[in-house]
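Count residues from 1 along the sequence. First listed ligand is number 1; within each ligand, the first listed atom is number 1.
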Amino acid sequence: MSVPRVPFEKYHGTGNDFLVVRADADVPDRAAFAAAHCDRETGVRAGERSEGRRGADGVLFLSLDAEATPPRVPMTLVQPDGSIAEMCGNGARCAALWATRDCGARRVVLDTPAGDRRATVTDPGAGAADPATVEVEMGRPSFDPERVPLSEAVGEPLVEENVEGLTVTAVNTGVPHAVAFVDDVNAVDLDAVAPPVRHADVFPEGANVTLASVADDGDDGDDERTDAAGASGADAADADAADGADDAPVAFRQRTYERGVEGETRACGTGAVAVVAVARRLGLTDGASLRVSPPGGDLRVTVPAGGPATLTGPATREFAGELEADPR
Ligand SMILES: N[C@H](CCC[C@H](N)C(=O)O)C(=O)O
């Protein structure tokens with residue numbers, strides 16, 4: 001008897017990469033599916049002889065209601081540890097591109113556990129393998145202790161408090177982030193400092209741990225950015241192509257250790273929004289629209305005083321294939 005398989009497509013947004021599987025695919029255990037196929041040592045790769053990166057940061061289970069106006073895309077991100085993330089900024093760009101290429105509409109509504117998020121493919125890219133540019137409405141960042149959430153003992157926003165040795169500000173941008181501004185994000189051993197913060201009692205549902213540093217004036221963000229998380233040359237080239245139109249200087253550098261991945265990712269979209277939201281709260285900037293540079297490429301973040309944040313950046317389809325439906 002042959003082993004049941006399901007079709008998938010691989011996408012990434014600034015190096016944060018995802019397997020896209022249709023929600024109606026017969027996957028009996030989504031957590032086991034994500035754990036097996038996202039594994040960086042043994043997980044999916046482009047082909048038998050591919051030298052590319054294996055695995056992924058999660059599986060996006062997507063469906064598409066093309067009859068709705070605008071089309072609706074229910075989106076569920078299952079992470080390598082089996083947990084479901086309420087929101088994912090880079091995944092949202094990939095999901096919108098997937099839907100646009102399926103139904104032709106450039107504007108879609110992503111239906112996520114964090115709420116509806118409007119997304120627009122502002123530049124579809126020249127060909128299927130080219131990065132598209134996608135803008136996603138990210139909702140209003142919240143410092144409210146119940147929204148982050150913080151433990152019940154904490155009655156007020158957590159702003160520049162010491163948590164397990166890191167001075168953090170807690171914000172929810174669809175998912176919880178503990179944001180720490182440091183002199184140089186690349187000088188911190190993130191894998192060592194992040195886990196105690198990610199698991200701290202003050203965060204009953206855990207937190208993503210995001211480091212940020214103010215970029216030097218006039219720095220174009222291209223130096224060393226592939227080093228921190230070891231991005232491949234291809235990813236860096238994508239990022240350059242996608243941010244070529246945006247010549248504003250980089251405002252902040254970012255690195256994020258993600259809950260659910262339990263490690264650093266090359267980029268985190270909710271984290272980029274969190275960096276700008278916290279920078280504004282701390283008075284580090286009054287700029288409403290800023291360029292944020294994680295290791296995998298650059299993102300444009302807007303955090304207006306009274307409205308939803310937006311996240312703009314590249315999304316790229318890498319390859320497609322079939323995966324074992326039940327790898328347990
Ligand atoms: N990488 C995602 C965030 C996933 C969030 C997840 N790691 C969690 O909160 O459990 C992003 O681009 O926003």
Side-chain angles (χ1 to χ4, degrees), residues 11-20 30-31 34-35 38 55-61 75-97 110 112-115 117 119 134-139 141-142 147-150 170-179 190 194-195 197-200 203-212 229 231 235 239 254-278 292-301 303 308-316:
Y11 281 77
H12 80 88
T14 46
N16 194 189
D17 57 351
F18 306 95
L19 307 176
V20 172
R30 287 181 168 187
C38 293
D57 293 324
V59 182
L60 289 165
F61 288 95
M75 163 176 141
T76 303
L77 171 59
V78 181
Q79 310 202 81
D81 73 348
S83 65
I84 292 175
E86 297 89 336
M87 179 54 189
C88 173
N90 295 323
R93 294 200 311 281
C94 297
L97 179 61
L110 305 168
T112 81
R117 298 285 184 260
V134 185
E135 179 180 306
V136 182
E137 272 188 17
M138 298 287 286
S142 177
R147 284 283 322 280
V148 171
L150 302 176
V171 63
N172 185 304
T173 52
V175 292
H177 281 267
V179 178
L190 188 58
V197 183
R198 178 257 179 267
H199 291 286
F203 302 117
E205 292 176 22
N208 300 284
V209 181
T210 291
L211 300 178
D235 287 343
Q254 173 203 352
R255 290 175 66 196
T256 298
Y257 180 101
E258 287 198 38
R259 178 183 76 163
V261 176
E262 306 308 331
E264 181 175 7
T265 51
R266 290 181 181 175
C268 178
T270 50
V273 174
V275 168
V276 176
V278 170
V292 178
S293 181
D298 287 358
L299 297 164
R300 162 72 56 181
V301 174
V303 181
T310 65
L311 170 73
T312 306
T316 306

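- A cation-pi arrangement is present between Arg30 and Phe61 under the rule of less than 6.0 angstrom and at most 45 degrees off the ring axis.
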Distance-only criterion, 3.5 Å: show the donor-acceptor pairs between side-chain atoms of residues 270-277 and protein atoms not counting sequence neighbours.
from	atom 1	to	atom 2	distance (Å)
Thr270	OG1	His177	NE2	2.9

Step-by-step side chain to side chain donor-acceptor pair (under 3.5 Å) determination, Asp81 to Ser83: CA-CA 6 Å; Asp81 73 348; Ser83 65; 2.6 Å; yes
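- Not counting sequence neighbours, the partners of Thr310 by the side chain to side chain donor-acceptor pair (under 3.5 Å) test are Thr302.
- Listed by chain and number, residues touching ligand 1 at under 4.0 Å (heavy atoms only) are Asn16, Gln79, Ala85, Met87, Cys88, Gly89, Asn90, Val175, Asn208, Glu258, Arg259, Cys268, Gly269, Thr270.
- Looking at residues two or more places apart in sequence or on another chain, you find a side chain to side chain donor-acceptor pair (under 3.5 Å) between Asp17 and Lys10, Arg40.
- Scanning both residues, Asp298 and Ser293, for their nearest heavy atoms gives OD1-OG, 2.9 Å.
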